[in-house]
Amino acid sequence: MGTDVQSFAVANLRRRPVLVETGGFVAGFDPGTTSPYINYATPLPGTRPTARDVKELIEAFRVRDLKPRLEFAPDAAPEVEPALREAGFGVEATHTYLVCTPERLAVPRGTAAVPVAVPATDEDYRAIDAALSEAFAGEFASSPEGAARLRRIQEDGGAVRFVRAPDGCAGGATCSAPAVGTAELAGVGTRPAFRGQGIAAAVTAALTETMFARGAQSVWLEYSGAGSRRVYERVGFQPRGTRLYMSLES
């Protein structure tokens with residue numbers, strides 16, 4: 001599965017507005033943000049980079065005043081991590097990823113009644129962006145660019161789902177458009193005042209079901225803690241491998 005996830009990471013980055021491919025790496029950039037979680041690189045499966053390859057990749061970030069950063073499944077390109085370490089890169093994090101296939105998808109008891117909605121208006125997208133900013137404790141600020149990015153996901157073959165609240169949005173998530181038979185579900189967040197009501201499970205199940213209906217053979221995601229992992233496992237996700245995050249400080 002690591003190769004599938006890594007092939008997806010390559011295909012997904014190639015959707016960025018600005019693309020740089022060099023020395024077995026694909027770097028995707030969005031001029032609308034300096035976020036390192038949007039602007040990053042990943043290796044092609046099986047890449048065996050030289051020191052010169054890594055240096056050219058670093059330069060692609062430096063000329064844009066961005067931190068050189070990569071996300072990848074190390075088992076799909078085992079020679080990448082040593083080459084990055086040699087160039088001074090450090091590990092930010094190692095995350096387990098979970099995978100769901102059609103035969104395993106389940107809607108947890110009690111969440112079937114949670115009304116999951118599809119955004120349709122600018123107000124919906126702004127509300128979702130603001131809710132996710134609050135859910136993730138301000139890791140990113142809500143912004144017109146963030147709302148526009150959500151709309152692009154929905155309009156470019158991916159999906160955005162949310163649960164309404166009296167003041168806008170209680171929680172939501174996104175899923176990328178499928179590529180190489182799989183799709184990434186990300187940004188599952190619920191505002192603190194609405195937690196414990198099955199919102200995360202409901203939007204996760206809805207998005208996963210949507211991708212299967214569009215032909216995806218699997219959906220994968222990463223989790224941030226034991227509590228969220230239990231939510232995803234109840235929907236039918238199982239651990240399959242790890243993803244490595246590495247960056248180079250100035």
Side-chain angles (χ1 to χ4, degrees), residues 8 12 15 37-38 97-102 104-136 139-140 142-179 181-225 227-237:
F8 170 85
N12 196 45
R15 296 166 173 160
Y37 307 112
I38 301 295
Y97 63 82
L98 311 178
V99 176
C100 184
T101 50
R104 291 197 56 83
L105 177 63
V107 178
R109 183 179 302 174
T111 64
V114 177
V116 178
V118 179
T121 66
D122 289 343
E123 184 178 356
D124 286 342
Y125 287 107
R126 287 193 295 268
I128 297 167
D129 185 51
L132 293 178
S133 177
E134 181 181 340
F136 289 100
E139 284 185 19
F140 60 91
S142 60
S143 66
E145 293 78 14
R149 195 171 298 114
L150 290 171
R151 180 181 280 279
R152 285 199 301 272
I153 290 172
Q154 177 71 22
E155 294 178 347
D156 292 346
V160 180
R161 298 292 184 268
F162 74 114
V163 174
R164 296 187 185 277
D167 59 349
C169 173
T174 69
C175 197
S176 66
T182 191
E184 181 187 9
L185 199 154
V188 183
T190 305
R191 292 166 60 194
F194 298 94
R195 289 174 183 164
Q197 301 177 26
I199 291 171
V203 296
T204 297
L207 284 167
T208 304
E209 186 175 38
T210 296
M211 291 301 111
F212 291 156
R214 295 180 184 176
Q217 300 164 17
S218 64
V219 174
W220 64 278
L221 55 77
E222 297 177 30
Y223 67 94
S224 58
S228 60
R229 175 168 173 165
R230 287 192 292 271
V231 169
Y232 303 135
E233 288 180 331
R234 288 197 295 271
V235 174
F237 284 79

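Since this is a predicted model, take the numbers as computed values, not measurements.
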Item checked: Residue pairs passing the salt bridge (Lys or Arg N to Asp or Glu O under 4.0 Å) test where at least one lies in residues 164-173, sequence neighbours excluded -> Asp124-Arg164, Asp167-Arg191
Notebook entry, point to check: Hey, does Val114 have a side-chain heavy atom less than 4.5 Å from the side chain of Gln197?
Noted result: no
Next item on the list: Calculate, to the nearest 0.5 Å, the distance between atoms CG and SG belonging to Leu207 and Cys100 respectively.
Entry: 12.0 Å
Note to self: I'd like to check the side chain to side chain donor-acceptor pair (under 3.5 Å) partners of Glu209; sequence neighbours left out, ordered by chain and number.
What the structure shows: none
Next item on the list: With rounding to the nearest 0.5 Å, note down the distance linking CZ in Phe136 to OG in Ser224.
Entry: 7.0 Å
Checklist line | Closest non-hydrogen atom pair, Ser176 against Ala183 | finding: O-CB, 3.7 Å
Item checked: Side chains of Pro119 and Leu150 in contact at under 4.5 Å (non-hydrogen atoms) -> no
Check: Do you know which two heavy atoms are closest between Arg15 and Pro178, and how far apart they sit?
Finding: NH2-O, 3.0 Å
Next item on the list: Decide yes or no for Val235 and Val107: does some side-chain heavy atom of the first lie under 4.5 Å from some side-chain heavy atom of the second?
Entry: no
Next item on the list: Begin from the C-alpha positions of Val231 and Phe237 and carry the test side-chain contact (heavy atoms from CB on, under 4.5 Å) through to its verdict.
Entry: CA-CA 9 Å; Val231 169; Phe237 284 79; over 6 Å; no
Next item on the list: To the nearest 0.5 angstrom, please state how far the CZ atom of Arg149 sits from the CD1 atom of Ile38.
Entry: 5.0 Å
Note to self: Can you list everything that forms a side chain to side chain contact (heavy atoms under 4.5 Å, CB included) with Gln217? Sequence neighbours excluded, please.
What the structure shows: none
Note to self: Once rounded to the nearest 0.5 Å, what's the spacing between atom CZ of Arg151 and atom OG1 of Thr121?
What the structure shows: 7.5 Å
Check: Between Ala106 and Ala205, which heavy-atom pair has the shortest distance, and what is it?
Finding: O-CB, 4.4 Å
Check: To the nearest 0.5 Å, how far apart are CZ in Arg126 and SG in Cys169?
Finding: 13.5 Å
Checklist line | Arg214 versus Gly157, closest heavy-atom pair with distance | finding: NH1-O, 2.9 Å
Notebook entry, point to check: Does a sphere of radius 6.0 Å around CZ in Arg230 hold more than 12 heavy atoms from other residues, nucleotides or ligands, not counting ones at 6.0 Å or beyond?
Noted result: no
Next item on the list: May I ask you to test the Phe140-Leu132 pair for a side-chain heavy-atom distance under 4.5 Å?
Entry: yes
Next item on the list: Examine distances only and state if a side-chain atom of Ser218 and a backbone atom of Val99 form a donor-acceptor pair shorter than 3.5 Å.
Entry: no
Item checked: Heavy-atom closest contact (Ser142 atom, Ser133 atom, distance) -> N-OG, 3.6 Å
Check: Between Val219 and Cys175, does a side-chain contact (heavy atoms from CB on, under 4.5 Å) hold up when you go through it step by step?
Finding: CA-CA 9 Å; Val219 174; Cys175 197; 4.3 Å; yes
Notebook entry, point to check: To the nearest 0.5 Å, how far apart are OG1 in Thr204 and CZ in Arg234?
Noted result: 10.5 Å
Notebook entry, point to check: Do Gln154 and Arg161 come close enough that some side-chain heavy atom pair is under 4.5 Å?
Noted result: yes
Check: Listed by chain and number, what are the ring-ring contact (aromatic ring centres under 6.0 Å, His included) partners of Phe194, not counting sequence neighbours?
Finding: none
Item checked: Listed partners of Arg195 passing side chain to side chain contact (heavy atoms under 4.5 Å, CB included), at least two apart -> Ala135, Thr190, Pro192
Check: Does Ile153 have any side chain to side chain contact (heavy atoms under 4.5 Å, CB included) partners at least two apart in sequence or in another chain, and if so, which?
Finding: Val160, Thr174
Item checked: Ile199 versus Gly171, closest heavy-atom pair with distance -> CG2-CA, 4.1 Å
Item checked: Verdict with reasoning, Asp129 to Glu145, per side-chain contact (heavy atoms from CB on, under 4.5 Å) -> CA-CA 9 Å; Asp129 185 51; Glu145 293 78 14; over 6 Å; no
Item checked: Leu185 side chain near Tyr232 side chain, heavy-atom distance below 4.5 Å -> no
